Amino acid sequence: VHPDVPAKTLPDLIALAKAQPGKMSYGVTNVILLVMVGQWINKLAGTDMVGVTYKTAWFMCHRIREAMKLDDSTSGPIGGEGKTVESDETFVGGKAKNRAFKEPSPKKPVLTLIERDGRARSFHVANVTAKEVRPLIVTNANRASVLMTDESPIYPKIGKEFTRHHAVNHSANEYVRMGSYVHSNT
């Protein structure tokens with residue numbers, strides 16, 4: 001705020017602008033505008049987002065893009081002989097309490113395959129059924145691998161196509177067994 005303006009706080013400035021419609025003007029830089037919009041969204045949505053500088057956002061975006069790039073060494077199936085591949089599904093989407101104005105869209109199912117100490121691949125699936133999931137697993141995971149899953153009924157038949165298949169029973173509060181070998185927590 002310019003020193004000649006009698007308002008010293010934001011509420012004072014707003015009151016002054018309302019008292020003199022059309023007589024006050026303001027200027028902002030893009031950075032300030034972005035910060036103000038971010039704070040406004042935080043307030044409306046009841047969130048606590050972290051603001052980062054343009055340089056940090058640029059750096060992060062380029063690291064993410066680099067991590068997602070496919071090349072000859074990453075384009076084939078994951079896993080292989082003597083390797084373990086984990087498969088699990090989750091539902092991704094927001095909660096109604098985190099939305100400011102409208103209901104969130106339905107959560108979307110996502111299947112992820114992870115090679116232990118290696119690569120990962122995630123896929124949106126229309127439905128979490130063996131018919132939808134099997135083609136993704138058998139084309140993206142080498143069948144010479146050991147397959148680790150949870151107790152979901154979609155996995156036993158698919159698991160027979162791999163060298164071995166182990167599953168943990170989450171509904172019985174089992175998340176790991178056999179000395180931390182059998183799990184789908186990577």
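Model, not experiment: these values are computed from the prediction.
- Val182 places none of its side-chain heavy atoms less than 4.5 Å from the side chain of Val176.
- Not a single salt bridge (Lys or Arg N to Asp or Glu O under 4.0 Å) links Glu151 to another residue, sequence neighbours left out.
- In the model, Asn169 has a side-chain atom that pairs as donor or acceptor with a side-chain atom of Ser171 under 3.5 Å.
- At a threshold of 4.5 Å between non-hydrogen side-chain atoms, the residues Ser122 and Leu111 do not count as touching.
- In this structure, Leu113 CG and Asn140 CG are separated by 6.0 Å, a value rounded to the nearest 0.5 Å.
- Atoms CG and CG, on Asn142 and Leu147 in that order, are 11.5 Å from each other to the nearest 0.5 Å.
- By the ring-ring contact (aromatic ring centres under 6.0 Å, His included) test, Phe59 pairs with no residue at all, sequence neighbours left out.
- Using the six-membered ring where Trp is involved, Tyr181 and His166 have ring planes that are perpendicular, over 60° apart on the 30 and 60° scheme.
- Using a cutoff of 4.0 Å between basic side-chain nitrogens and carboxylate oxygens, Glu115 and Arg121 are not scored as salt-bridged.
- The hydrophobic cluster containing Phe91 also contains Val125, counting ILVMFWY residues as joined when their side-chain heavy atoms lie under 4.5 angstrom apart, directly or transitively.
- Here the straight-line distance linking atom CZ of Arg119 with atom CD1 of Ile114 works out to 13.0 Å at 0.5 Å rounding.
- In terms of hydrophobic clustering, with Ile, Leu, Val, Met, Phe, Trp and Tyr side chains grouped at heavy-atom distances under 4.5 Å, Tyr155 and Val110 are assigned to different clusters.
- In this structure a side-chain-to-backbone donor-acceptor pair under 3.5 Å is missing from Arg164 to Ser145.
- Using a 4.5 Å heavy-atom cutoff, the side chains of Met148 and Val146 are in contact.
- The backbone N or O of Thr112 lies less than 3.5 Å from no partner atom in the side chain of Glu89, so there is not a single donor-acceptor pair.
- Between the CZ atom in Phe123 and the OG1 atom in Thr139 there is a gap of 6.5 Å [rounded to 0.5 Å].
- With hydrogens and angles disregarded, no donor-acceptor distance shorter than 3.5 Å links the side chain of Arg63 to the backbone of Trp58.
- Thr163 contributes a side-chain N or O that, together with a main-chain N or O of Ala144, makes up a donor-acceptor pair within less than 3.5 Å.
- In summary, the aromatic rings of Tyr175 and His170 are positioned with their centroids under 6.0 Å apart.
- Between atom OG of residue Ser184 and atom CG of residue Asp150 there is a gap of 5.5 Å, rounded to the nearest 0.5 Å.
- For Ala130 against Pro135, the heavy-atom pair with the smallest separation is O-CD, 4.2 Å.
- By the 6.0 Å contact criterion, NZ on Lys107 is enclosed, its count of non-hydrogen atoms from other residues, nucleotides or ligands being greater than 12.
- Looking at heavy atoms from C-beta onward, Val128 lies in side-chain contact with Ile154 at the 4.5 angstrom threshold.
- Side-chain atoms of Arg116 and Glu86, non-hydrogen and from C-beta on, do get closer than 4.5 Å to each other.
- For the atom pair Thr84 OG1 and His183 NE2, the distance stands at 8.5 Å (nearest 0.5 Å).
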